[in-house]
Every structure is written in structure tokens, then in C-alpha cells.
Visitor: 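Once you've had a glance at the structure underneath, I'll fire off some questions.
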Amino acid sequence: MKVIVLVKQVPDPREYVRIREDGTLDREKARAVINDCDKNALEAALQLKEKFNSKVIAVSMGPPKAEDALREALAMGVDEAILISDRRVRGSDTLATSYVLYKAIEKLGPYDLILCGLESSDGGTAQVGPELAEFLGIPQATFVEDFEVKGNYVIVKRRIEGGFEKLKITMPVLLTISKNANKPRPTTFSGILKAVKKPVVTWSLEDIGAEVDKVGLAGSPTKIMKVEKIGSQRKRILIEGNDVEEIVNNLLRSLQEHGIILEAAKQ
Amino acid sequence: MNGYSGVWVYVEHRNGVISNSTLEIMGKARELASKLGVEMATVLFGNDVSHLVSTLAEYGADRIYLADDEALKEYKTLPYTRLLTELIESNKPEIVLFTASSLGRDLAPRVAARLRTGLTANCIDLDVGCFEDNEKGKRLERILYQIVPAFGGNVVATIVTPYHRPQIATIRPGTFPVPTKAPGRGEVIHVKVNLRREDDKAEVLEVKRDLQESELENAKIVVGVGVGARGPDGVKMLKRLAEVLGGALGATRPVTDAGWLPQEYMIGESGKTVRPDLYIACGISGAMHHMVGVRNAKVIVAINKDPKAPIFEAADYIIVEDMFKIVPKLLEKLDRKG
Ligand SMILES: Cc1cc2nc3c(=O)[nH]c(=O)nc-3n(C[C@H](O)[C@H](O)[C@H](O)COP(=O)(O)OP(=O)(O)OC[C@H]3O[C@@H](n4cnc5c(N)ncnc54)[C@H](O)[C@@H]3O)c2cc1C
Ligand SMILES: Nc1ncnc2c1ncn2[C@@H]1O[C@H](COP(=O)(O)O)[C@@H](O)[C@H]1O
């Protein structure tokens, strides 16, 4: 069985990220890490490797330094890592990104399963997975909390509002994996040592046969028109008092002036 | 863009009832359609759903595309994508709006990719206007402004899809108020359902929902639990406050991640959007990721012991104190009054 995992390098969401004048993120400043739930996708793939001896290939599109993310994936235990890095893809929206990933996956040949993260912490659209599945012409399941491979299909548990849904889907299939799916393994020292020997293969647009006018800013149907700070429209009134009693009384009085009466609800 | 006209809303329904989020979006769609001088239509897929048509008309649908068929009983990505893209291709709406739900966020990207058009996820507002393309030196009219929260602070971005149609967006539930009903006409157009074998790749084995889900979204008062609650005892105290006030409990992501409360309680970008009259944020720092979920609250009270906490920029009433002192006192007073 062959499993492809899509890994995106993102600015560490736990650090502050600056936004440039043109609305794009200034990724240079923040430390770059593997997108949170892509690690869950990697973990799920590595569990399949342990169970079925599957081959696991990590694929990423990004700047040259995204190689670090793929190195980390190799250290976790994936067999191969492919980086699509080309200046012309800069500014790609989700459609253009999925197109590039689609061309790269086509080049890799037949596969059984594609695992994505549910959403990226910087893009946060949860679109690349389904859009990629559409380009590939395969079924999908999104918001996946758990899955099991059985013969030529998967049984998937996907989260829906207020509950979950169980689906049986024919492979090959693309799944977007939630961060609740599992606990990603840490990289070990021996893993890092083994990973040093494995190459990260870099492909250009020509290598994957992608059409230049379908990528980057020009190939993206969506454009950022403007980015603006929204000033707070809130009142920002400090409630003070000499003691807790007085503070609470002042709060109740202020709320009352705005027509909100706090009282115990009748049960 | 030539030939494309009309604003469409994809209708979500459950147990024979149209979801509130769909009605909310219809209110906005009606407004956009009026500004553009075009029709607002809804797309209704399902099995035994034709009785919902009158509701859609009452909420302002000029047209209802109805596909009522046993094969559409459960949502499945591929057949629904086929049906909807063919409908869009033959009727050419300029705008198609979806709920940012587990269904909308599964279907919309699939449809957008098949049509090779743009898609903007999780909008918190919409408008129409012109777009100046400085690069191409062009000015385009009737463009959908898709407004989304952007990373890294109190920032929003306006996304446009200038050269592709339709313009597609998903909208967070709870973003707009449910509009008022009015008698409406609502012309029904029956859609022929021709499913293909090649789209038959998935089978729905089980659907399970716990039915209390809308409590939080509909509550008039929401008490927000942050990391400052420190653990189960703090949560218990705030739960009591929510109960006494007849409100609901919500939480920040670290709180649900830590398992102090189930994931359904999460408010914010990855969780729910609420629109209560009053939001009481207790021990919450005020990260943008959380605050996008409460921006429609009428009044926000924040209790945080750190005077520099960002939440104070986004609250109406600010109490710089230990919540473990304020909340018990508040409870004491409420108990006395009640
Ligand atoms: C992609 C992404 C998506 C996210 N989505 C969401 C989301 O949907 N919802 C969400 O909530 N978060 C989300 N987050 C996380 C978010 O960025 C913040 O980390 C989170 O909201 C912070 O939660 P908090 O305010 O409870 O905790 P903290 O930031 O740790 O704040 C705790 C606050 O409590 C105060 N405090 C401590 N003790 C007391 C006391 N005794 N009395 C009074 N105050 C006290 C402290 O001063 C502090 O300000 C997301 C993050 C990412 C990267
Ligand atoms: N540039 C990229 N390279 C590889 N995978 C990506 C890339 N962008 C998005 N993905 C995958 O798609 C998922 C959803 O991303 P997004 O649509 O940006 O929320 C991510 O979790 C990744 O698995």
C-alpha cells in the first residue's frame, strides 16, 4: 500500500506573526514548524506503515526552507520526501496550491491513500484537501477523527455538528485528518540519524509538468483586496471599587444602565 | 461577467428543519441580491424535503431549485457535487453561498474546484462593490467582498474573486441575524436527479448527533471559560454561574483541548460563533482566534487579573481582578436577589 501525506510548513502559531502591507504574511520572522494536524496525518500514515508495511511519502509545496518540515517528517519515519519549490508558485491560493500538489502526486504514480491535515493554521481554509481530491478525481472524507483500512476501502469516522458520521469509502481516497485523531510521535535521536541519510527531493514546475499560468498570484482566482485593522467598537469601561463587593455592585449597575439585568433565572 | 446573475444559497436542513445558519445567510443574500438588482435563489437537496419550500419562500427566496429524491437522503460528497455543479453550470449564478459547516466545508471546495473558480472560507461578513485592479488597470463592478478574519491580531482581510464565476464563499454559522419572515412567492424549479455509478464511492453507515448542540448558539447569556479557570473546580464555579443566569457555558480552545469541557463548548475560529446579549469572559486572554466567535455579542464583560490582557481592548466592561474573588461574590448576590 502506498500512502501520501501532505505536509505544510507554517509560521509557529504560538508566535506572533506580522502582516505585510500587501496583506500576505511575513513568514520570515516567525519560526517555521509543521502544521499541527499535518503531524496527525503523518502519525496516521506511520501507523499504517507499521500495520501494513505501507510506503509513506511526504509531499510539500513551499519555499526552500520547507525542507526542514520534510526533514522532520523523515525523522518521524516517512520513507520519502518531495518538496515542490519554485518561485513562481508564491502567492498561490488554495486552487493553485491544489493544482500544483495534484501534478506532483500524478508524477508519483498510483497510490492508495492520501492524508492531509484538516486545516492549516495560517491559511485555515480546510480547502486544499477537497480541492486536491477533485483534481485527482477521487472520493474524500473531511474532518476525520478516526479511520481503519479494510481491504480496498476505509471506514471513516468524521466529525459533524454535535456528533459524528461513519462512512465506508472505496480507495483510493483522500482524508483530511483532525488533531483529535491521534497523538503524533515525537522525533527520536535515532530517527534523526536515519533521516540524515534520506534525501529530500526537490521538484520545479517543469519537473511536475505544471502550467505556469495556473499557479502563483496569476493562477489564483481569489485575490486579497485589502487588509485592515478593525478598531474595537467596544466601550472599554473599567469597573473599579474599593473591594470585591463594590466592584460587583458597580458591574451590576453599569449593566443595568444598558438594559441588562442580571438575576437568577427561574428554574 | 457576462451571463452570470443571481445570488444562491445552499440550504442545509436536519430532521426536516432548515438550519438557522441557512436562514441567516438567506437574510444577507437577500440584501446582496437587492443591491445587485438580481434574484435570490436557494438550492434544496434531500429526500422528502418539499415541505420546506414554503419556509424558504417566506425567508425571501425568489426561486427554489428542488431536488427531492431517495438517493439524496444522506449527504454524500460526489453525487451532491455532481448535481450542484451541473445546476450552477446551466443556471449561472454570480454568487453561491454555503454554511461553513461540516457539510458546507466538504461540498463547497469540491464544487469550486470542479468549476475552477475561487472560494473563500469562513467569512464573517459580505458585501458587494467595485474592485480596482491596479495591476491590470481595470475597474470591476458587482464584486463580492468576502471578509475573513486574518492572522495575527485584530485584522480582517477582504478577498475578491474578480475574474471567475461564480464567486463562492462559506459563512460561519451565527454571523448574521435570522431575518424576519414575510409572505413570499418562491417559484419552485424541479431539478432532475441523474446519479452516476462513478459517483457511488461512499456509503453512510451511521449518523449520530447529540441534540443539545444549539443551546450555546441560542443562549442569551454565555459564560466563557478560559485557562484562568485553572481546572475542573473553576469550571464548576462558572457552570454554576451560567446555570444561575439561565445561560450557557462556552470555552477557549486550550480549555477544551485539556478536556475540562467537551469540544462542543469551544468558541472561536475552530469552534462556534455565538451572538448572546451578554458574554462574560472569565480568565480569557482575548486571542483573535477566540474573539472572532464572540464579536456579535451585544455586551462583553471581561474578568482578568492581568491589566495588559488583550481582551480588555475588545470588552465593554473590564474587571481587573481574580475571577475566584469576583465570581463567588456575583453568585452570592444573584442567589440573594433570586
Ligand atoms: C489555528 C488556530 C485556531 C485556534 N482556534 C481557536 C478557537 O477557535 N477558539 C479559541 O478559544 N482559541 C483558539 N485558538 C487558540 C488561541 O490562539 C488562544 O491560545 C486561546 O484562545 C487562549 O485561551 P485562553 O484565553 O483561555 O488562555 P490564555 O491565553 O492562557 O489566557 C488565560 C488568561 O487568564 C488570566 N487569568 C489567569 N488566572 C486568572 C484568575 N485567577 N482570574 C482572572 N484571570 C486569570 C490570565 O491573565 C490570562 O490572560 C486557536 C489557535 C490556532 C493557532
Ligand atoms: N503548500 C502545501 N503543501 C503541502 N500540503 C499543503 C499545502 N497547503 C495545504 N496543504 C495540506 O492541506 C491541508 C489544509 O490546508 P488549508 O486548505 O490551507 O487549510 C493542510 O493541513 C495540508 O495537509
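The sequence lines fix the lettering, A, B, ..., with proteins before strands; numbering per chain opens at 1. Small disclaimer: the values here were computed from a predicted structure and weren't measured. Any value given below was found using the heavy atoms of this structure, including those in side chains, with hydrogens, waters and symmetry copies removed.
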Visitor: Does the side chain of Phe164(A) reach to within under 4.5 Å of the side chain of Glu206(B), using non-hydrogen atoms?
Guide: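 Side-chain contact under 4.5 Å: yes.
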Visitor: Which bit of Leu238(A) is near chain B, if near means a heavy-atom gap under 4.5 Å: side chain, backbone, both or neither?
Guide: both
Visitor: Kindly indicate, with the supporting measurements, whether the criterion side-chain contact (heavy atoms from CB on, under 4.5 Å) is fulfilled by Thr125(A) and Asn122(B).
Guide: CA-CA 7 Å; Thr125(A) 72; Asn122(B) 296 329; over 6 Å; no
Visitor: How many angstroms lie between atom CG of Asp93(A) and atom OG1 of Thr161(B), to the nearest 0.5 angstrom?
Guide: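 Reported value, rounded in 0.5 Å steps: 8.0 Å.
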Visitor: So Asn249(A) and Lys333(B), do their side chains get closer than 4.5 Å, heavy atoms only?
Guide: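 A side-chain contact exists here, since the closest heavy-atom pair is under 4.5 Å.
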Visitor: From the options Arg234(A), Lys235(A), Arg236(A), select the one residue that forms a salt bridge (Lys or Arg N to Asp or Glu O under 4.0 Å) with Glu313(B).
Guide: Arg236(A)
Visitor: Check whether Arg295(B) gets within reach of chain A through its side chain, its backbone, both or neither, counting any heavy atom under 4.5 Å.
Guide: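 For Arg295(B), the backbone is the part near chain A, not the side chain.
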Visitor: Does any heavy atom of chain A fall under 4.5 Å from the side chain of Lys298(B), the backbone, both, or neither of them?
Guide: backbone
Visitor: For Arg105(B) and Glu119(A): C-alpha separation, side-chain torsions, deciding distance, then whether side-chain contact (heavy atoms from CB on, under 4.5 Å) applies.
Guide: CA-CA 11 Å; Arg105(B) 296 180 78 188; Glu119(A) 66 186 336; 3.2 Å; yes
Visitor: If we only count heavy atoms from C-beta on, is the Glu161(A) to Arg14(B) side-chain gap below 4.5 Å?
Guide: yes
Visitor: Distance from His164(B) atom NE2 to Lys223(A) atom NZ, nearest 0.5 Å?
Guide: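 That separation rounds to 7.5 Å.
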Visitor: With a 4.5 angstrom heavy-atom cut-off, is it the side chain or the backbone of Arg159(A) that approaches chain B, or both, or neither?
Guide: both
Visitor: Testing the basics here: between Ile221(B) and Leu262(A), what is the closest heavy-atom pair and its distance to 0.1 Å?
Guide: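 Minimum heavy-atom separation between Ile221(B) and Leu262(A): CD1-CD2, 4.1 Å.
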Visitor: Identify the two heavy atoms, one from Lys325(B) and one from Val244(A), that lie closest to each other, and give their separation to 0.1 Å.
Guide: O-CG1, 3.5 Å
Visitor: Please classify the contact between Phe312(B) and chain A as side chain, backbone, both or neither, with a heavy-atom cut-off of under 4.5 Å.
Guide: backbone
Visitor: Side chain, backbone, both or neither: which part of Thr77(B) has a non-hydrogen atom closer than 4.5 Å to chain A?
Guide: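 Only the side chain of Thr77(B) comes within 4.5 Å of chain A.
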Visitor: Relative to chain B, which segment of Asn250(A) carries a heavy atom at a distance below 4.5 Å: side chain, backbone, both, or neither?
Guide: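 Neither the backbone nor the side chain of Asn250(A) comes within 4.5 Å of chain B.
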Visitor: Answer yes or no: is there a side-chain heavy-atom contact under 4.5 Å between Ile237(A) and Asp316(B)?
Guide: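 With C-beta onward as the side chain, the pair stays apart.
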Visitor: Could you tell me which non-hydrogen atom of Glu131(A) sits nearest to which non-hydrogen atom of Ala112(B), and how far apart they are?
Guide: OE2-CB, 4.1 Å
Visitor: Output the distance between atom CG (Leu330(B)) and atom CD1 (Ile247(A)), rounded to the nearest 0.5 Å.
Guide: 12.0 Å
Visitor: Under 4.5 Å from any heavy atom of chain B, what part of Ile239(A) do you find: side chain, backbone, both or neither?
Guide: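 Contact with chain B is through both the backbone and side chain of Ile239(A).
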Visitor: I'd like to know if the side chain of Arg114(B) reaches the main chain of Glu134(A), judged simply by a donor and an acceptor atom lying under 3.5 Å from each other, with no hydrogens or angles considered.
Guide: no
Visitor: Please answer whether the main-chain N or O of Ser102(B) pairs with a side-chain N or O of Arg158(A) as donor and acceptor at a distance below 3.5 Å.
Guide: yes
Visitor: Given that the side chain runs from C-beta out, which part of Val111(B) has a heavy atom under 4.5 Å from chain A: side chain, backbone, both or neither?
Guide: neither
Visitor: Which heavy-atom pair separates Asp277(B) from Ile260(A) by the least distance, and what is that distance?
Guide: O-CD1, 3.9 Å
Visitor: Side chain, backbone, both or neither: which part of Phe135(A) has an atom under 4.5 Å from a heavy atom of chain B?
Guide: side chain
Visitor: Please flag which part of Leu132(A) lies under 4.5 Å from any non-hydrogen atom of chain B: side chain, backbone, both or neither.
Guide: neither
Visitor: Does Tyr153(A) reach the side chain of Glu203(B), with side-chain heavy atoms less than 4.5 Å apart?
Guide: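 Contact flag for Tyr153(A)/Glu203(B) side chains = no.
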Visitor: What are the two closest non-hydrogen atoms of Pro130(A) and Arg110(B), and how far apart are they?
Guide: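 For Pro130(A) versus Arg110(B), the nearest heavy atoms are O-CD, 3.9 Å.
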Visitor: Could you tell me whether the side chain of Lys179(A) reaches within less than 4.5 Å of the side chain of Asp257(B), counting heavy atoms only?
Guide: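 Side-chain contact under 4.5 Å: yes.
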Visitor: How close do Met225(A) and Cys130(B) get, heavy atom to heavy atom, and via which atoms?
Guide: SD-O, 4.3 Å
Visitor: So for Asp199(B), is it side chain, backbone, both, or neither that comes closer than 4.5 Å to the heavy atoms of chain A?
Guide: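 For Asp199(B), neither part sits under 4.5 Å from chain A.
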Visitor: Between Asp106(B) and chain A, with a heavy-atom cut-off of 4.5 Å, which part of the residue counts as in contact: side chain, backbone, both or neither?
Guide: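 Both backbone and side chain.
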Visitor: Given that the side chain runs from C-beta out, which part of Lys157(A) has a heavy atom under 4.5 Å from chain B: side chain, backbone, both or neither?
Guide: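 Neither; nothing under 4.5 Å.
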Visitor: Please evaluate residues Leu95(A) and Leu119(B) with respect to the criterion side-chain contact (heavy atoms from CB on, under 4.5 Å), reporting the C-alpha separation (whole Å), side-chain torsions for both, the decisive distance (0.1 Å), and the verdict.
Guide: CA-CA 8 Å; Leu95(A) 191 74; Leu119(B) 170 62; over 6 Å; no
Visitor: How long is the straight-line distance from CG of Leu251(A) back to OH of Tyr317(B), given to the nearest 0.5 Å?
Guide: 8.5 Å
Visitor: Which atoms of Ile155(A) are under 4.5 Å from chain B, going by heavy atoms: the side chain, the backbone, both sets, or neither?
Guide: side chain
Visitor: Heavy-atom distance under 4.5 Å to chain A: side chain of Gln263(B), backbone, both or neither?
Guide: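 For Gln263(B), the side chain is the part near chain A, not the backbone.
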Visitor: Side chain, backbone, both or neither: which part of Glu240(A) has a non-hydrogen atom closer than 4.5 Å to chain B?
Guide: neither
Visitor: With heavy-atom distances below 4.5 Å as the criterion, would you say the side chains of Ile224(A) and Ile159(B) are in contact?
Guide: yes
